[in-house]
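Quick caveat: nothing in here was measured; it's all calculated off a predicted structure. Letters go in sequence order (proteins before strands), and every chain restarts at 1.
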Amino acid sequence: MTFDVTILLFGPVREIAGVDRIRLNVRPQMTSAEIIQQIVKKHPSLKQISSNCVLAVGQQYRHRDENLYLDTSTEIALIPPISGG
Amino acid sequence: MTFDVTILLFGPVREIAGVDRIRLNVRPQMTSAEIIQQIVKKHPSLKQISSNCVLAVGQQYRHRDENLYLDTSTEIALIPPISGG
Amino acid sequence: EIVAKIFDKLQEVFNDFVRIQSDPISSMSTEKFVNLPNCGAISTFIGTTRDNFNNKKVKLLEYECYEAMAYSEMKNVCQKTREKFAEIKRIAIFHRIGKVDIGEASVIISSSSPHRREAIEATHFAIDILKETVPIFKKEIYEDGTKSWKENAE
Amino acid sequence: EIVAKIFDKLQEVFNDFVRIQSDPISSMSTEKFVNLPNCGAISTFIGTTRDNFNNKKVKLLEYECYEAMAYSEMKNVCQKTREKFAEIKRIAIFHRIGKVDIGEASVIISSSSPHRREAIEATHFAIDILKETVPIFKKEIYEDGTKSWKENAE
């Protein structure tokens, strides 16, 4: 079973992709690393920056090897290096 | 040879003495400790607080055993514990 | 246990003030919020836009953020600061987004405590944690027309 | 040698701002003075009047000072701070004298530098040195009518 989720993009990731959100087909259980891989597959321009990015799911940072339990309403964001302050 | 100088008093020292300056007869060369002793002799009410005081001569803090060279215009102050900030 | 949790929640609700806005931010607001009669010390940090980076002239900065998560991470900054500095009474964190001109404030943090050491160290700690955790993204726009997304040093 | 001395003097004249006044003091003034285009960080410390001391209710504070020497020692605070934190661009130290009500500021110090650590540590250092060296005297007046001259802890 697969379904679509929305991935939010910010800062340089948004600029490189040229959009501020993308739709991605996912399985209900995936690791953070797998999702980032899927994103890069769909948007190859994000390949280089993706190694410096981290995934936020439900507005929480997730480790690369963390198992994520997703549904269609899960809020996911690809977070580039932060530079607030 | 002796002459009179003015000693400025502040805070609790001023309150205890009841005046904000006193005149003191001094020699041209004295230590800081000797001057404090003279002040206490003239104003015995300052005896207790004087051990927590320090002398400023020419607007500079002076060690108790420092030799001071005075003239009639030398600015001297008996400084109680400070509490700025 | 439950009472402690309720207390922590109230603490957050009433004593932490976090804000993200595109209008200018001012330390008057953060300091007014943290100032309490039982506090003797307020420490404020202001991050301002510098006119240079590696000898390049900076014209202006542009900030964007993942707003919902940035708010939640700013609240986490307050909570972590309280955990480390128990004496802290109030914390205010304001971050500006959008265009920020040279010399203008992009972030302001104020904290208050009965004594000075805690307030100073807490504000220092809070700005360090904010720079490590809050999803805000800064682009420097240089006089020569080039641009660069920044990355906070570890 | 002479050039260095002249430079130090100019530094003092233009980049250190010390002030003692009986009117209220505000961080707007200190921060406006220290804010420079080549600085990315401003750190401010505000000492305010607390409403209690050892469980006694404080009604107000009264400050007096040895004004000429207090000015000279406040300038020394700036100089010592610069010696320890070479990155610091500007320092402002305002101290209020006379009656200061609960919650009002008695002292405000701001410093600025290109990066945050130096500004924060310099302001911390400056308030510590001020409390050790500047001849200012504080009397706490309690709700019960008693009074007490204070002494800064070592």
Side-chain angles (χ1 to χ4, degrees), chain C residues 26-32 34-53 55 57-61 89 100-128 130-131 138 140 150 152-153, chain D residues 26-32 34-53 55 57-61 89 100-128 130-131 138 140 150 152-153:
Chain C
S26 113
S27 60
M28 292 240 312
S29 312
T30 56
E31 286 161 4
K32 194 175 169 188
V34 302
N35 192 353
L36 287 178
N38 59 356
C39 286
I42 296 171
S43 173
T44 296
F45 174 79
I46 307 178
T48 56
T49 299
R50 255 194 315 156
D51 65 359
N52 70 89
F53 176 75
N55 296 322
K57 277 201 159 183
V58 177
K59 195 171 150 194
L60 68 87
L61 266 66
K89 299 295 181 192
V100 181
D101 283 332
I102 302 298
E104 289 188 343
S106 53
V107 63
I108 302 180
I109 301 180
S110 291
S111 73
S112 59
S113 63
H115 304 101
R116 71 184 183 282
R117 169 175 293 280
E118 286 72 17
I120 295 169
E121 290 183 357
T123 295
H124 194 169
F125 179 79
I127 181 62
D128 285 352
L130 179 146
K131 285 186 166 254
K138 169 166 69 180
E140 276 182 358
K150 308 299 293 182
N152 286 338
Chain D
S26 114
S27 61
M28 291 240 313
S29 312
T30 56
E31 286 162 3
K32 194 174 169 188
V34 302
N35 192 353
L36 288 177
N38 59 355
C39 286
I42 296 171
S43 173
T44 296
F45 174 79
I46 307 178
T48 55
T49 300
R50 256 195 312 157
D51 65 358
N52 70 89
F53 176 75
N55 297 321
K57 277 201 159 182
V58 177
K59 196 172 150 193
L60 68 87
L61 267 66
K89 298 295 180 192
V100 181
D101 283 332
I102 303 297
E104 290 188 341
S106 52
V107 63
I108 302 180
I109 300 181
S110 291
S111 73
S112 59
S113 63
H115 305 100
R116 71 184 183 283
R117 170 175 291 282
E118 286 73 16
I120 295 168
E121 291 183 355
T123 295
H124 194 169
F125 179 79
I127 181 63
D128 285 351
L130 179 145
K131 284 185 166 257
K138 169 166 69 180
E140 277 182 358
K150 308 299 292 181
N152 287 337

Practice task
Using a heavy-atom cutoff of under 4.5 Å, enumerate the residues of residues 116-123 of chain C that contact chain D, numbered in order, or state 'none'.
Solution key: Arg116(C), Arg117(C), Ile120(C), Glu121(C)
Exercise for the section: For each of Val58(C), Asp128(C), Ile102(C), tally heavy-atom pairs with chain D at distances under 4.5 Å, and name the one with the top tally. Expected result: Asp128(C)
Handout entry: Nearest atoms (heavy-atom pairs only) where Ala41(C) meets Thr48(D)
Key = N-OG1, 3.9 Å
Fill in the blank from the handout: Under 4.5 Å to a heavy atom of chain C? For Ser43(D) that would be both
Fill in the blank from the handout: Bottom line for Lys131(D): the part with an atom under 4.5 Å from chain C's heavy atoms is side chain
Practice task
Could you check which of Ser26(D), Pro114(D), Gly47(D) has the highest count of heavy-atom pairs closer than 4.5 Å to chain C?
Solution key: Pro114(D)
Handout entry: Which atom of Ser27(C) lies closest to which atom of Glu31(D), heavy atoms considered
Key = OG-OE1, 2.7 Å
Practice task
Apply side chain to side chain donor-acceptor pair (under 3.5 Å) to Thr30(D) and list each qualifying residue two or more places apart in sequence or on a separate chain.
Solution key: Ser110(D)
Problem - side-chain contact (heavy atoms from CB on, under 4.5 Å) partners for Asn38(C), two or more places apart - result: Leu36(C), Lys89(C), Asp51(D), Asn52(D)
Fill in the blank from the handout: Sorted by chain and number, sequence neighbours left out, side chain to side chain donor-acceptor pair (under 3.5 Å) with Lys150(C) holds for Glu140(C)
